[in-house]
Amino acid sequence: MHTTPAWRPLALDDAPALAELFAAVEAADVTDEHYDAEDLAEELGAPHVELAHDSVGVWSGDELIGYAKAMALPDATDVHRVYVEGAVRPDARDRGVGTDLVNWLVTRATQQHLDRFPDLPGEAHIQLHAPNTAKRELYEAAGFEARRWFFDMRRPLDGDAIPATTPAGGLRVVPFTEAYDDATRLAHNEAFRDHWGHTPTTPDRWRHTTTGARSFRPDVSYLALDGDEVAGYLVGHEYDAETAMTGIRECWIDRLGTRPAWRGTGVATALLTTCLRSGQKQGYRRAGLNVDSANATGALGLYERCGFRTRHTWIGYVRAL
(Lines give C-alpha, C1' and ligand atoms only; values in the text may rest on other atoms or scores of the structure.)
Protein backbone atom coordinates (compact mmCIF):
# COMPACT_ATOMS: atom_id res chain seq x y z
CA MET A 1 0.00 0.00 0.00
CA HIS A 2 1.29 3.44 -0.92
CA THR A 3 0.86 6.35 1.45
CA THR A 4 -0.62 9.58 0.13
CA PRO A 5 2.27 11.72 -1.13
CA ALA A 6 2.82 15.22 0.23
CA TRP A 7 3.01 18.22 -2.10
CA ARG A 8 4.97 21.38 -1.35
CA PRO A 9 7.02 23.95 -3.29
CA LEU A 10 10.67 23.14 -3.91
CA ALA A 11 13.42 25.00 -2.07
CA LEU A 12 17.14 25.40 -2.75
CA ASP A 13 17.82 22.86 -0.01
CA ASP A 14 15.98 20.25 -2.07
CA ALA A 15 18.71 20.17 -4.73
CA PRO A 16 20.31 16.92 -3.42
CA ALA A 17 16.92 15.15 -3.40
CA LEU A 18 16.23 16.47 -6.90
CA ALA A 19 19.62 15.15 -8.07
CA GLU A 20 18.69 11.69 -6.76
CA LEU A 21 15.39 11.85 -8.64
CA PHE A 22 17.15 12.92 -11.86
CA ALA A 23 19.67 10.08 -11.53
CA ALA A 24 16.87 7.52 -11.17
CA VAL A 25 15.04 8.98 -14.18
CA GLU A 26 18.17 8.96 -16.36
CA ALA A 27 18.97 5.36 -15.42
CA ALA A 28 15.51 4.30 -16.60
CA ASP A 29 14.99 6.61 -19.58
CA VAL A 30 18.61 6.75 -20.87
CA THR A 31 18.68 10.40 -21.90
CA ASP A 32 22.44 10.95 -21.33
CA GLU A 33 21.54 13.90 -19.11
CA HIS A 34 23.41 13.96 -15.80
CA TYR A 35 23.03 16.57 -13.06
CA ASP A 36 24.57 16.99 -9.64
CA ALA A 37 23.15 18.92 -6.70
CA GLU A 38 25.12 22.05 -7.58
CA ASP A 39 23.71 22.06 -11.12
CA LEU A 40 20.19 21.80 -9.81
CA ALA A 41 20.66 24.41 -7.10
CA GLU A 42 21.77 26.75 -9.90
CA GLU A 43 18.65 25.95 -11.90
CA LEU A 44 16.37 26.35 -8.89
CA GLY A 45 17.91 29.77 -8.30
CA ALA A 46 17.26 30.96 -11.86
CA PRO A 47 15.93 34.48 -12.34
CA HIS A 48 12.21 34.75 -13.11
CA VAL A 49 11.42 31.63 -11.06
CA GLU A 50 9.70 32.09 -7.70
CA LEU A 51 9.98 28.63 -6.21
CA ALA A 52 7.17 29.25 -3.74
CA HIS A 53 4.72 29.67 -6.62
CA ASP A 54 6.42 28.23 -9.72
CA SER A 55 7.52 24.81 -8.45
CA VAL A 56 6.19 21.79 -6.62
CA GLY A 57 7.74 18.63 -5.24
CA VAL A 58 5.89 15.41 -4.49
CA TRP A 59 7.26 13.56 -1.49
CA SER A 60 6.78 10.04 -0.17
CA GLY A 61 8.25 10.34 3.30
CA ASP A 62 11.75 11.76 2.80
CA GLU A 63 11.97 10.70 -0.85
CA LEU A 64 11.20 13.11 -3.69
CA ILE A 65 9.18 11.07 -6.18
CA GLY A 66 8.15 13.83 -8.58
CA TYR A 67 8.53 17.51 -9.34
CA ALA A 68 7.33 20.22 -11.71
CA LYS A 69 8.54 23.74 -12.48
CA ALA A 70 7.21 26.52 -14.72
CA MET A 71 9.28 29.51 -15.87
CA ALA A 72 7.49 32.43 -17.51
CA LEU A 73 9.81 34.63 -19.54
CA PRO A 74 9.71 38.29 -18.51
CA ASP A 75 9.62 39.51 -22.10
CA ALA A 76 7.49 38.67 -25.10
CA THR A 77 7.28 39.67 -28.74
CA ASP A 78 4.53 37.98 -30.71
CA VAL A 79 3.90 35.19 -28.18
CA HIS A 80 4.42 34.90 -24.43
CA ARG A 81 6.20 31.61 -23.70
CA VAL A 82 6.23 29.66 -20.46
CA TYR A 83 8.77 26.83 -20.22
CA VAL A 84 7.64 23.87 -18.16
CA GLU A 85 9.35 20.71 -16.95
CA GLY A 86 8.64 17.78 -14.70
CA ALA A 87 9.49 14.16 -13.93
CA VAL A 88 8.43 11.21 -11.82
CA ARG A 89 10.71 8.53 -10.35
CA PRO A 90 10.37 5.27 -12.32
CA ASP A 91 9.26 3.29 -9.27
CA ALA A 92 6.49 5.84 -8.57
CA ARG A 93 4.99 5.91 -12.06
CA ASP A 94 1.54 4.65 -13.05
CA ARG A 95 -0.03 6.01 -9.86
CA GLY A 96 -1.44 9.23 -11.32
CA VAL A 97 1.39 11.44 -10.05
CA GLY A 98 2.51 12.37 -13.57
CA THR A 99 -1.02 13.33 -14.62
CA ASP A 100 -1.46 15.49 -11.53
CA LEU A 101 1.88 17.22 -12.15
CA VAL A 102 1.03 18.00 -15.79
CA ASN A 103 -2.33 19.42 -14.72
CA TRP A 104 -0.51 21.56 -12.12
CA LEU A 105 1.88 22.80 -14.82
CA VAL A 106 -0.95 23.82 -17.15
CA THR A 107 -2.73 25.66 -14.34
CA ARG A 108 0.42 27.47 -13.18
CA ALA A 109 1.59 28.34 -16.70
CA THR A 110 -1.84 29.74 -17.53
CA GLN A 111 -1.80 31.94 -14.43
CA GLN A 112 1.73 33.16 -15.15
CA HIS A 113 0.68 34.12 -18.66
CA LEU A 114 -2.46 35.94 -17.49
CA ASP A 115 -0.46 37.81 -14.86
CA ARG A 116 2.17 39.02 -17.35
CA PHE A 117 0.92 39.30 -20.93
CA PRO A 118 -2.84 38.64 -21.02
CA ASP A 119 -3.24 40.53 -24.31
CA LEU A 120 -0.79 38.28 -26.20
CA PRO A 121 -1.19 34.64 -27.20
CA GLY A 122 0.37 32.39 -24.56
CA GLU A 123 2.12 29.06 -24.98
CA ALA A 124 3.57 26.43 -22.66
CA HIS A 125 6.70 24.76 -24.11
CA ILE A 126 8.52 21.55 -23.17
CA GLN A 127 11.03 19.26 -24.89
CA LEU A 128 10.35 15.54 -24.47
CA HIS A 129 12.69 12.66 -25.25
CA ALA A 130 11.33 11.03 -28.41
CA PRO A 131 11.61 7.39 -27.21
CA ASN A 132 9.61 8.16 -24.05
CA THR A 133 6.19 7.48 -25.53
CA ALA A 134 4.48 7.23 -22.14
CA LYS A 135 5.55 10.75 -21.16
CA ARG A 136 4.65 12.11 -24.58
CA GLU A 137 1.18 10.57 -24.32
CA LEU A 138 0.79 12.12 -20.87
CA TYR A 139 1.39 15.62 -22.24
CA GLU A 140 -0.64 15.00 -25.40
CA ALA A 141 -3.61 14.06 -23.20
CA ALA A 142 -3.27 17.50 -21.57
CA GLY A 143 -3.42 19.29 -24.93
CA PHE A 144 0.26 19.54 -25.87
CA GLU A 145 1.12 19.09 -29.56
CA ALA A 146 4.41 18.14 -31.20
CA ARG A 147 5.77 21.14 -33.11
CA ARG A 148 9.51 20.75 -33.63
CA TRP A 149 12.25 18.11 -33.59
CA PHE A 150 15.65 18.70 -32.00
CA PHE A 151 18.79 16.57 -32.25
CA ASP A 152 21.42 16.03 -29.58
CA MET A 153 24.57 15.47 -31.62
CA ARG A 154 28.04 14.23 -30.67
CA ARG A 155 31.47 14.19 -32.29
CA PRO A 156 34.58 12.38 -31.00
CA LEU A 157 37.64 14.55 -30.40
CA ASP A 158 40.20 11.82 -29.77
CA GLY A 159 40.77 11.03 -33.46
CA ASP A 160 42.61 12.79 -36.26
CA ALA A 161 43.54 16.46 -36.15
CA ILE A 162 40.78 18.84 -37.20
CA PRO A 163 41.68 21.23 -40.05
CA ALA A 164 41.57 24.93 -39.22
CA THR A 165 39.31 27.29 -41.17
CA THR A 166 39.12 31.08 -41.27
CA PRO A 167 36.21 33.38 -42.10
CA ALA A 168 36.23 35.62 -45.17
CA GLY A 169 36.43 39.39 -45.27
CA GLY A 170 39.24 39.83 -42.78
CA LEU A 171 37.20 38.73 -39.77
CA ARG A 172 39.21 37.52 -36.77
CA VAL A 173 38.41 34.60 -34.48
CA VAL A 174 39.55 35.44 -30.95
CA PRO A 175 39.03 33.96 -27.47
CA PHE A 176 35.98 35.18 -25.60
CA THR A 177 36.64 37.91 -23.05
CA GLU A 178 34.40 39.44 -20.40
CA ALA A 179 34.62 42.82 -22.13
CA TYR A 180 32.43 41.45 -24.93
CA ASP A 181 29.88 39.72 -22.70
CA ASP A 182 26.90 41.99 -23.31
CA ALA A 183 27.81 42.53 -26.97
CA THR A 184 27.73 38.73 -27.32
CA ARG A 185 24.29 38.58 -25.70
CA LEU A 186 22.98 41.21 -28.12
CA ALA A 187 24.58 39.35 -31.04
CA HIS A 188 22.83 36.18 -29.91
CA ASN A 189 19.46 37.93 -29.72
CA GLU A 190 19.94 39.25 -33.24
CA ALA A 191 21.22 35.95 -34.67
CA PHE A 192 18.27 34.00 -33.27
CA ARG A 193 15.63 36.70 -33.72
CA ASP A 194 13.74 34.76 -36.40
CA HIS A 195 14.30 31.28 -34.97
CA TRP A 196 11.32 29.25 -33.82
CA GLY A 197 10.52 29.73 -30.14
CA HIS A 198 13.09 32.45 -29.50
CA THR A 199 12.50 35.26 -27.02
CA PRO A 200 15.26 37.84 -26.48
CA THR A 201 17.54 36.89 -23.57
CA THR A 202 17.72 39.45 -20.75
CA PRO A 203 21.08 40.34 -19.15
CA ASP A 204 20.33 38.50 -15.90
CA ARG A 205 19.11 35.38 -17.67
CA TRP A 206 22.14 35.44 -20.01
CA ARG A 207 24.53 35.63 -17.10
CA HIS A 208 22.72 32.91 -15.16
CA THR A 209 22.44 30.36 -17.95
CA THR A 210 25.34 31.24 -20.24
CA THR A 211 28.47 33.17 -19.27
CA GLY A 212 27.86 33.17 -15.51
CA ALA A 213 26.96 29.49 -15.20
CA ARG A 214 29.36 27.19 -13.35
CA SER A 215 29.60 25.08 -16.52
CA PHE A 216 30.81 28.00 -18.67
CA ARG A 217 34.30 27.47 -20.11
CA PRO A 218 35.85 30.63 -21.57
CA ASP A 219 38.84 28.61 -22.81
CA VAL A 220 36.65 26.91 -25.45
CA SER A 221 34.52 30.00 -26.19
CA TYR A 222 35.28 32.25 -29.15
CA LEU A 223 34.17 35.37 -30.96
CA ALA A 224 34.38 36.36 -34.61
CA LEU A 225 35.15 40.07 -34.75
CA ASP A 226 34.81 42.54 -37.60
CA GLY A 227 37.00 45.29 -36.26
CA ASP A 228 35.58 45.64 -32.75
CA GLU A 229 32.10 44.37 -33.63
CA VAL A 230 30.86 40.88 -32.74
CA ALA A 231 29.87 39.13 -35.99
CA GLY A 232 29.52 35.66 -34.48
CA TYR A 233 30.10 33.77 -31.25
CA LEU A 234 30.50 30.30 -29.78
CA VAL A 235 29.94 29.65 -26.07
CA GLY A 236 31.37 26.40 -24.69
CA HIS A 237 30.36 24.60 -21.51
CA GLU A 238 31.50 21.51 -19.62
CA TYR A 239 29.29 19.66 -17.12
CA ASP A 240 31.15 18.18 -14.16
CA ALA A 241 28.35 15.71 -13.41
CA GLU A 242 28.52 14.40 -16.97
CA THR A 243 32.27 13.86 -16.70
CA ALA A 244 31.96 12.20 -13.30
CA MET A 245 29.28 9.80 -14.55
CA THR A 246 30.74 8.89 -17.95
CA GLY A 247 34.47 9.41 -17.43
CA ILE A 248 34.51 11.41 -20.67
CA ARG A 249 35.24 15.13 -20.83
CA GLU A 250 32.71 16.63 -23.22
CA CYS A 251 32.86 20.13 -24.67
CA TRP A 252 29.24 21.20 -24.97
CA ILE A 253 28.60 23.89 -27.57
CA ASP A 254 25.93 25.79 -25.72
CA ARG A 255 25.43 28.65 -28.19
CA LEU A 256 26.70 29.26 -31.70
CA GLY A 257 25.41 32.00 -33.96
CA THR A 258 26.21 34.45 -36.73
CA ARG A 259 24.55 37.82 -37.09
CA PRO A 260 22.61 38.12 -40.38
CA ALA A 261 24.96 40.66 -41.98
CA TRP A 262 27.88 38.21 -41.77
CA ARG A 263 26.17 34.99 -42.85
CA GLY A 264 27.79 33.24 -45.78
CA THR A 265 31.32 34.29 -44.77
CA GLY A 266 32.28 31.06 -42.99
CA VAL A 267 31.98 32.53 -39.49
CA ALA A 268 30.17 29.56 -37.92
CA THR A 269 32.52 27.01 -39.48
CA ALA A 270 35.59 28.93 -38.30
CA LEU A 271 34.22 29.29 -34.76
CA LEU A 272 33.29 25.61 -34.62
CA THR A 273 36.60 24.26 -35.92
CA THR A 274 38.53 26.61 -33.60
CA CYS A 275 36.56 25.30 -30.62
CA LEU A 276 37.02 21.65 -31.64
CA ARG A 277 40.75 22.05 -32.18
CA SER A 278 41.10 23.80 -28.83
CA GLY A 279 39.06 21.08 -27.14
CA GLN A 280 41.34 18.41 -28.55
CA LYS A 281 44.40 20.14 -27.16
CA GLN A 282 42.80 20.56 -23.74
CA GLY A 283 41.91 16.89 -23.37
CA TYR A 284 38.23 16.88 -24.23
CA ARG A 285 37.33 13.54 -25.80
CA ARG A 286 33.97 14.53 -27.25
CA ALA A 287 31.96 17.55 -28.38
CA GLY A 288 28.20 17.84 -28.19
CA LEU A 289 25.39 20.22 -29.10
CA ASN A 290 21.64 20.48 -29.61
CA VAL A 291 20.17 21.70 -32.90
CA ASP A 292 16.72 22.45 -34.27
CA SER A 293 16.36 19.98 -37.13
CA ALA A 294 14.48 22.62 -39.17
CA ASN A 295 16.93 25.46 -38.49
CA ALA A 296 16.61 27.82 -41.45
CA THR A 297 20.28 28.82 -41.44
CA GLY A 298 21.50 25.32 -42.34
CA ALA A 299 23.05 24.56 -38.94
CA LEU A 300 22.28 20.85 -39.14
CA GLY A 301 24.21 20.51 -42.40
CA LEU A 302 27.16 22.41 -40.93
CA TYR A 303 27.35 20.11 -37.94
CA GLU A 304 27.11 16.99 -40.08
CA ARG A 305 29.92 18.25 -42.33
CA CYS A 306 32.03 18.81 -39.22
CA GLY A 307 31.57 15.21 -38.09
CA PHE A 308 28.63 15.44 -35.68
CA ARG A 309 26.07 12.64 -35.63
CA THR A 310 22.66 12.46 -33.95
CA ARG A 311 22.57 10.58 -30.65
CA HIS A 312 19.17 11.58 -29.24
CA THR A 313 16.00 13.14 -30.64
CA TRP A 314 13.86 15.50 -28.58
CA ILE A 315 10.43 16.80 -29.56
CA GLY A 316 9.31 20.33 -28.80
CA TYR A 317 5.72 20.20 -27.53
CA VAL A 318 3.52 23.29 -27.27
CA ARG A 319 0.15 23.95 -25.63
CA ALA A 320 -1.86 27.13 -26.10
CA LEU A 321 -2.67 28.92 -22.84
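FYI, the numbering just counts along the sequence from 1. Only heavy atoms go into these numbers, but all of them, side chains included; no hydrogens, no water, no symmetry mates.
- Atoms OG1 and NE2, from Thr31 and His312 in turn, are 6.5 Å apart once rounded to the nearest 0.5 Å.
- No side-chain donor from either of Trp314 and Asn290 sits under 3.5 Å from a side-chain acceptor of the other.
- Ring planes of His198 and His188: perpendicular class, angle over 60° (limits at 30 and 60°).
- We find that Glu38 and Arg214 are joined by a salt bridge, their nearest charged nitrogen and carboxylate oxygen being less than 4.0 Å apart.
- With values rounded to the nearest 0.5 angstrom, Tyr222 atom OH is found 13.5 Å from Leu256 atom CG.
- Ala37 and Ala15 make their closest contact through O-CB, 3.4 Å (heavy atoms, listed as atom of the first residue, atom of the second, distance).
- Among Thr211, Thr201, Thr210, the single residue meeting the side chain to side chain donor-acceptor pair (under 3.5 Å) criterion with Arg255 is Thr210.
- The two residues Ala70 and Arg108 come nearest to each other via the heavy atoms CB-CG, 4.2 Å.
- The distance between the ring centers of Phe144 and Tyr139 falls below 6.0 angstrom.
- Atom-to-atom distance recorded for Asp160:CG and Gln280:CD is 8.5 Å, nearest 0.5 angstrom.
- Defined by atom type and a distance below 3.5 Å, a donor-acceptor pair is missing between the side-chain atoms of Trp206 and Asn189.
- Put simply, CG on Asp228 and CG on Asp226 are 10.0 Å apart, with the number rounded to the nearest 0.5 Å.
- For Arg205 against Pro47, the heavy-atom pair with the smallest separation is CA-CG, 4.0 Å.
- Under a hydrophobic-cluster definition in which Ile, Leu, Val, Met, Phe, Trp and Tyr are linked whenever side-chain heavy atoms come within less than 4.5 Å, directly or via other members, Val106 and Met71 are assigned to different clusters.
- Ionic pairing of Asp29 and Arg93 is present here: one or more N-O contacts between side-chain nitrogen and carboxylate oxygen are shorter than 4.0 angstrom.
- Taking 4.5 Å as the limit, some side-chain heavy atom of Tyr180 sits within range of a side-chain heavy atom of Leu225.
- Looking at Arg81 and Glu123, their side chains come closer than 4.5 Å, going by heavy atoms from C-beta outward.
- Residues Asp204 and Arg207 are not paired through a salt bridge, judged by the lack of any N-O separation under 4.0 Å between the basic side chain and the carboxylate.
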| task | Just do the side chain to side chain contact (heavy atoms under 4.5 Å, CB included) check on Met153 and Thr310 with the steps written out, would you? | result | CA-CA 4 Å; Met153 306 184 79; Thr310 298; 4.0 Å; yes

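- When atom types are taken as modelled, the side chain of Ser293 and the backbone of Trp149 share a donor-acceptor pair closer than 3.5 angstrom.
- Judged purely by distance below 3.5 Å, without hydrogens or angles, the side chains of Gln282 and Ser278 pair a donor atom with an acceptor atom.
- Around the CG atom of Asp78, the shell of radius 6.0 Å holds more than 12 heavy atoms that belong to other residues, nucleotides or ligands.
- Cluster membership check: Leu234 does not share its hydrophobic cluster with Leu186, using side-chain heavy-atom separations under 4.5 Å among Ile, Leu, Val, Met, Phe, Trp and Tyr.
- Side-chain contact check for Thr165 and Thr269: no donor-acceptor pair (N or O, by modelled atom type) lies under 3.5 Å.
- The structure places NZ of Lys69 at 8.5 Å from CG of Leu18, a figure rounded to the nearest 0.5 Å.
- Taking each heavy atom of Ala241 and Asp36 in turn, the nearest pair found is CB-N, 3.5 Å.
- You'll find the side chain of Arg259 reaches within 4.5 Å of the side chain of Glu229, heavy atoms only.
- Applying the ring pair (Phe, Tyr, Trp, His ring centres under 6.0 Å) test to pairs two or more places apart or on separate chains, those with a residue in residues 52-94 are Phe22-Tyr67, His80-His113, His80-Phe117, Tyr83-His125.
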| query | Could you walk me through whether Lys135 and His129 pass the side chain to side chain contact (heavy atoms under 4.5 Å, CB included) check? | reply | CA-CA 8 Å; Lys135 191 169 185 177; His129 197 216; over 6 Å; no

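- By the 4.5 Å heavy-atom criterion applied to side chains, Pro260 and Glu190 are counted as neighbours.
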| So His195 and Asp292, side-chain hydrogen bond (donor to acceptor under 3.5 Å, both in side chains) or not? Walk me through it. | CA-CA 9 Å; His195 284 53; Asp292 181 342; over 6 Å; no

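- Between Tyr239 and His34, the gap from one ring centroid to the other reaches at least 6.0 Å.
- Within 6.0 Å of the CG atom in Asp115, the count of heavy atoms belonging to other residues, nucleotides or ligands exceeds 12.
- Proximity of Leu157 to Ile162: side-chain heavy atoms (C-beta onward) are separated by under 4.5 Å at one or more points.
- No continuous path of hydrophobic side-chain contacts links Val220 to Phe176 [ILVMFWY only; heavy atoms under 4.5 Å].
- When all heavy atoms of Leu321 and Ala109 are compared, the pair lying nearest together is CD1-O, 3.6 Å.
- Within the 4.5 Å cutoff, no side-chain heavy atoms of Asp152 are placed close to those of Asp32.
- Contact annotation: the side chain of Leu272 approaches that of Tyr303 to within less than 4.5 Å [non-hydrogen atoms, C-beta and beyond].
- Between the OH atom in Tyr317 and the CG atom in Leu128 there is a gap of 6.5 Å [rounded to 0.5 Å].
- Under the 4.5 Å side-chain contact rule for hydrophobic residues, Val235 and Ile253 do not share a cluster.
- Counting only residues at least two apart or on different chains, the side-chain hydrogen bond (donor to acceptor under 3.5 Å, both in side chains) pairs with a member in residues 13-28 are Arg8-Asp14.
- For the side chain to side chain donor-acceptor pair (under 3.5 Å) with Glu250, the lone residue among Arg286, His237, Arg155 that qualifies is Arg286.
- Put simply, the side chain of His208 gets close to the backbone of Glu42: a donor and an acceptor are under 3.5 Å apart.
- A heavy-atom distance below 4.5 Å is not found between the side chains of Arg148 and Gln127.
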| task | Show the numbers, then the answer: is there a side chain to side chain contact (heavy atoms under 4.5 Å, CB included) between Trp104 and Val84? | result | CA-CA 10 Å; Trp104 182 91; Val84 302; over 6 Å; no

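- There is no side-chain donor-acceptor pair under 3.5 Å between Tyr35 and Glu43.
- A donor-acceptor pair is defined here as one N or O able to donate and one able to accept, closer than 3.5 Å; such a pair exists between the side chain of Arg172 and the backbone of Gly227.
- At a threshold of 4.5 Å between side-chain heavy atoms, the hydrophobic network of Ile, Leu, Val, Met, Phe, Trp and Tyr places Leu300 and Phe150 in two separate groups.
- Salt-bridge formation is detected for the pair Arg217/Asp240: a Lys NZ or Arg NE/NH1/NH2 atom is positioned less than 4.0 Å from an Asp or Glu carboxylate oxygen.
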| task | Give the intermediate values and the outcome of side chain to side chain contact (heavy atoms under 4.5 Å, CB included) for residues Phe151 and Asn295. | result | CA-CA 11 Å; Phe151 297 152; Asn295 183 299; over 6 Å; no

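- Taking all atoms of both residues into account, the shortest heavy-atom contact from Val318 to Trp196 is CG2-CZ2, 3.8 Å.
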